[in-house]
Amino acid sequence: MITISGVVDGIVYRSDETGYTVCDIEADDGEFFTAVGVMPYISEGESVKLYGSWTVHASFGRQFRAESAEACLPVEATEILRYLSSGSVKGIGPVTARRLVDMYGADTFDVIENHPDWLTEVSGISKKKSKEIHDSFVEHTGSRSVMMFCREYFGPAMSMRIFKEWGAAAVDMIKKNPYRLCGEISGVSFSKADEIALSLGVARDSAERVEGAVVYFLTYNANVNGHVCVPTAKVTAGVAELIGVGADDVNKAVERMKARRKVIAVDFDGSEMCYLDTYYRAETEAARRLYMLDKKCPAVSASDAERFISILELKYDIEYAELQKRAITDALLGGVLVLTGSPGTGKTTVVRALIEIFRRMGLDDIELAAPTGRAAKRMSEATGVEARTIHRLLEMEYNDASYPRFARDEHNMLDADVVIIDESSMIDIMLFDALLAAIKPGSHLILIGDSNQLPSVGAGNVLYDIIASGTVRTVCLSEIFRQARESRIITNAHRINAGEYPILTDKTADFFFLPRQNDSSIASTVVELCARRLPAAYGDEIADGIQVITPSRRGAAGTDALNASLQERLNPPSKNKREHKAREIVFREGDKVMQTRNNYKLEWYRDGGVNAMGDEPDGIGVFNGDIGIIERIEPENGRMVILFDERRVYYDFDLDGELELAYAITVHKSQGSEYPVVIIPMYNCPPQLLTRKLLYTAITRASKMVILVGREEIVERMVDGIADNMKYTGLERFLRAEFEKERS
């Protein structure tokens with residue numbers, strides 16, 4: 001890196017959100033130049049030392065890109081006057097700055113910081129204004145100290161994020177307990193927090209380190225493995241191995257945390273389970289709220305339900321199947337209904353009927369929602385009623401931490417008389433509890449989903465636990481209707497679900513099998529299908545509708561290898577396309593990318609001519625599994641511009657760890673989405689991924705065509721692989737306990 005020293009001559013532009021700054025610098029040799037980078041703390045008149053490199057901007061010419069910066073407050077009275085006159089401190093303009101410096105000279109900064117009451121001696125400064133000046137100065141100098149401290153461990157954007165979260169107290173908070181970083185700051189790993197802690201002299205067996213590791217272990221298992229709780233014995237062994245301490249140290253830490261209710265211990269059939277307090281509250285509150293919804297809703301008599309069904313059958317000249325009639329009736333008899341079934345069994349028909357019946361009953365305020373935007377869009381198209389994501393339904397807002405806050409909750413409930421949720425198998429326990437909290441007593445809740453699909457990526461197994469508890473009315477539709485029977489996708493999905501091998505020899509339908517015997521030929525065939533064969537057969541317009549879905553990230557036909565090969569063929573390097581390298585991935589303009597974790601703070605703008613540097617966003621939140629296209633890469637601004645359907649999002653390079661290429665995605669990441677054409681490699685991957693549910697989920701993502709490429713024996717192994725992705729959860733037990741209270 002090059003080091004340049006000078007004085008800030010002026011601030012051209014600064015983003016309050018990211019700290020990205022464009023400024024003019026007068027170098028020590030008297031030359032002037034423009035510097036760019038994340039420098040939220042520098043101000044006009046300050047002496048700075050910049051570390052970085054020279055670049056040439058296409059529009060603005062030669063610039064110095066600062067990777068980091070050191071800034072010093074001016075010490076001479078004339079420099080202090082210039083600094084304060086620039087507007088860096090709220091409440092001080094040129095006139096007030098002159099009065100302050102005339103009175104206090106070189107001691108002006110000391111007075112502002114340590115004796116703010118003295119400021120009232122200056123003409124025009126009231127007691128209220130003196131506090132405003134003091135607070136603004138402390139915040140500004142605090143950002144400098146935070147950025148300077150954090151630069152040893154983080155890049156500028158992450159340092160800025162820490163300052164935005166914790167303010168000027170961040171340095172003290174980190175020094176007191178570095179492990180708060182991985183628990184409260186999005187994007188900070190435990191290993192990074194541990195590195196910082198050890199560098200600050202925290203002992204390897206200290207209470208803070210061991211307790212921080214316990215929180216991390218339970219959080220990691222919730223976020224990555226979906227476990228709401230974990231057996232205490234596994235916590236002890238896992239944490240001890242993670243940080244290299246004894247089992248006794250971990251057990252003592254767990255006991256301390258139990259005493260403070262940070263960890264909740266629950267006995268499940270003689271096995272003690274550890275919960276983080278947030279997940280324990282979510283499961284127990286969800287159980288209580290679901291019980292109250294089911295019992296507090298006014299019921300319709302069975303005879304009235306039959307009458308409503310007869311009216312619709314006469315009106316539309318149809319006859320509902322027996323299980324469809326039962327589903328409609330059960331939805332009217334209680335407050336909660338779970339409706340499950342594979343594709344083609346008529347779930348949408350039931351939903352349309354219920355919407356009309358509820359409206360005939362005078363329950364006009366009906367809300368439809370789904371966990372993802374794509375699922376909500378499909379729900380709207382199928383029912384003719386607007387559907388939203390659950391996050392939008394609950395009116396998600398900003399929050400000071402890295403977690404969502406919903407405007408709709410138990411204190412501000414939805415007005416809806418009926419709430420219908422599709423793709424319920426995808427809902428994790430935290431979102432489910434938030435949803436239930438916002439539904440007013442007396443409302444109807446209908447949960448629709450396919451219990452044969454993979455469980456949610458997030459913590460919990462909500463739909464499965466509700467069904468297994470046997471506490472609320474549940475109807476599983478099983479009859480495939482005539483039109484659906486014409487689709488080999490649907491009939492093969494039902495065969496797989498029943499443990500039968502799919503029919504692979506029918507060349508005239510919408511389900512194809514291309515045999516290949518080794519992984520490299522499987523991968524090359526997948527690439528050829530996407531790049532040449534399918535566009536040649538069906539037209540170039542089919543390209544946007546193709547999605548490769550593979551069981552694993554690893555191997556020649558896993559997402560890592562396929563994404564590299566597909567990017568090379570579908571979006572090769574070009575002098576007209578800018579690139580950004582992150583980790584081992586090269587992101588290129590035009591690339592198809594996926595968000596890999598929920599980010600509740602990312603702002604988005606409706607597609608079409610927005611200026612994200614100043615305009616108010618149209619919404620917030622980009623979620624795990626959302627797929628978009630990189631429109632632009634802006635090295636000069638340190639960001640990428642990505643279009644997710646109709647939402648344009650500005651990604652700082654510091655967030656590129658949340659993105660990956662999406663030409664090929666895993667089955668788990670495909671949940672809740674539907675694609676016209678799905679290509680699935682059938683290759684030998686880890687046994688835990690060769691399961692019936694995984695194959696079934698992948699196949700049911702397609703609306704028009706499925707192509708399996710690979711070995712028939714792998715298809716058969718997956719159909720035979722009935723092992724489920726077991727999750728440690730307690731919702732089933734808590735539900736039974738709530739409903740048993742009524743009987744006792």
Side-chain angles (χ1 to χ4, degrees), residues 342-344 372 374-375 377-378 423 425-426 450 452-454 457 484 486-497 502-504 506-516 522-535 537-539 541-553 557-559 561-563 565-566 569-570 592 594 625-627 661-683 685 689-712 714-715 718-719:
S342 299
T372 68
R374 293 192 176 200
K377 185 176 181 180
R378 293 203 326 269
E423 295 286 357
S425 63
M426 293 185 63
D450 188 343
N452 298 308
Q453 290 185 22
L454 292 169
V457 175
E486 297 174 1
S487 168
R488 187 63 73 190
I489 296 174
I490 290 176
T491 55
N492 273 340
H494 282 263
R495 288 178 66 89
I496 291 167
N497 191 38
I503 295 171
L504 304 178
D506 188 346
K507 304 296 185 182
T508 62
D510 51 8
F511 193 106
F512 302 95
F513 175 67
L514 301 180
R516 298 291 186 274
I522 292 170
S524 62
T525 300
V526 169
V527 173
E528 282 299 308
L529 283 167
C530 295
R532 185 180 60 83
R533 293 175 59 176
L534 288 175
Y538 299 98
E541 62 274 8
I542 197 175
D544 292 337
I546 300 172
Q547 183 61 59
V548 178
I549 300 178
T550 185
S552 175
R553 297 180 62 89
T559 58
L562 282 174
N563 272 318
S565 299
L566 287 165
R569 286 292 299 276
L570 300 176
K592 186 178 182 181
M594 171 181 279
D626 284 353
I627 291 179
L661 296 175
Y663 298 102
I665 63 176
T666 63
V667 180
H668 286 85
K669 294 292 187 183
S670 72
Q671 288 176 260
S673 296
E674 185 178 84
Y675 312 95
V677 180
V678 169
I679 302 173
I680 311 170
M682 292 285 100
Y683 73 109
C685 48
L689 296 174
L690 299 179
T691 66
R692 183 183 302 171
K693 272 193 174 181
L694 194 137
L695 179 59
Y696 173 85
T697 301
I699 287 172
T700 53
R701 298 309 89 207
S703 61
K704 295 181 179 179
M705 184 187 303
V706 166
I707 304 174
L708 303 184
V709 182
R711 295 155 55 187
E712 187 170 355
I714 298 297
V715 179
M718 294 186 79
V719 174

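Worth knowing before you read on, the calculation uses all heavy atoms, side chains too, and leaves out hydrogens, waters and symmetry mates.
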### Summary
The single option from Thr550, Leu562, Ile680 that satisfies side-chain contact (heavy atoms from CB on, under 4.5 Å) with Val526 is Leu562
### Query
How many angstroms lie between atom CG of Leu689 and atom CZ of Arg553, to the nearest 0.5 angstrom?
12.0 Å
#### Entry: Pro502 and Val715, any side-chain heavy atoms less than 4.5 Å apart
yes
### Query
Can you list the steps and then say if Phe511 with Ile699 is a side chain to side chain contact (heavy atoms under 4.5 Å, CB included)?
CA-CA 9 Å; Phe511 193 106; Ile699 287 172; 3.9 Å; yes
## Note on the structure
Nearest heavy-atom contact between Ser565 and Val527 is CB-CG2, 3.8 Å
### Message
Let's go through Glu423 and Gln453 carefully: what are the C-alpha distance in whole Å and the side-chain angles of both, what is the deciding distance for side chain to side chain contact (heavy atoms under 4.5 Å, CB included) to 0.1 Å, and is it a yes or a no?
### Response
CA-CA 10 Å; Glu423 295 286 357; Gln453 290 185 22; 4.0 Å; yes
### Summary
To the nearest 0.5 Å, atom OG of Ser670 lies from atom CZ of Arg701 at 6.0 Å
## Note on the structure
Between the CG atom in Asp544 and the NZ atom in Lys592, the distance rounded to the nearest 0.5 Å is 8.0 Å
### Query
Does the side chain of Glu674 reach to within under 4.5 Å of the side chain of Lys377, using non-hydrogen atoms?
no
### Message
Under a 3.5 Å cutoff, is there a donor and acceptor pairing between the side chains of Ser342 and Tyr696?
### Response
yes
#### Entry: Test log, rule side chain to side chain contact (heavy atoms under 4.5 Å, CB included), inputs Ile546 and Tyr538
CA-CA 12 Å; Ile546 300 172; Tyr538 299 98; over 6 Å; no
### Query
Where is the tightest heavy-atom contact between Leu694 and Pro551, given as atom of each residue plus distance?
CD2-CB, 3.8 Å
### Task
Scan Asn492, Ile489, Ile490 and name whichever one has a side-chain contact (heavy atoms from CB on, under 4.5 Å) with Asp510.
Ile489
### Query
If every non-hydrogen atom of Pro681 is compared with every non-hydrogen atom of Ile549, which pair is closest and at what distance?
CD-O, 3.3 Å
### Summary
One should read off an interatomic distance between Asp450 CG and Met426 CE, to the nearest 0.5 angstrom, of 12.5 Å
### Task
Please report the shortest heavy-atom distance between Ser552 and Thr666, naming the atom on each side.
C-CG2, 4.3 Å
### Query
From Ile679 CD1 over to Cys530 SG, what is the distance, rounded to the nearest 0.5 angstrom?
3.5 Å
### Task
Could you tell me whether the side chain of Gln547 and the main chain of Tyr663 form a donor-acceptor pair under 3.5 Å?
yes
#### Entry: Phe512: side-chain contact (heavy atoms from CB on, under 4.5 Å) partners, not counting sequence neighbours
Met705, Ile707
### Query
Does a side chain donor of either Arg516 or Thr525 reach within less than 3.5 Å of an acceptor in the other side chain?
yes
### salt bridge (charged side-chain N to carboxylate O under 4.0 Å, His left out) partners of Arg374, counting only residues at least two apart
none
### Message
Check whether Asn563 reaches the backbone of Leu661 with its side chain - one donor and one acceptor, N or O, closer than 3.5 Å.
### Response
yes
### Nearest atoms (heavy-atom pairs only) where Lys693 meets Asn452
CG-O, 3.1 Å
### Query
In a check of side-chain contact (heavy atoms from CB on, under 4.5 Å) between Val719 and each of Leu690, Leu695, Asn497, which one passes?
Leu695
### Query
Which atoms form the tightest heavy-atom contact between Phe513 and Arg711, and what is the distance?
CZ-C, 4.0 Å
### Message
Any non-hydrogen side-chain atom of Leu514 less than 4.5 Å from a side-chain atom of Leu529?
### Response
yes
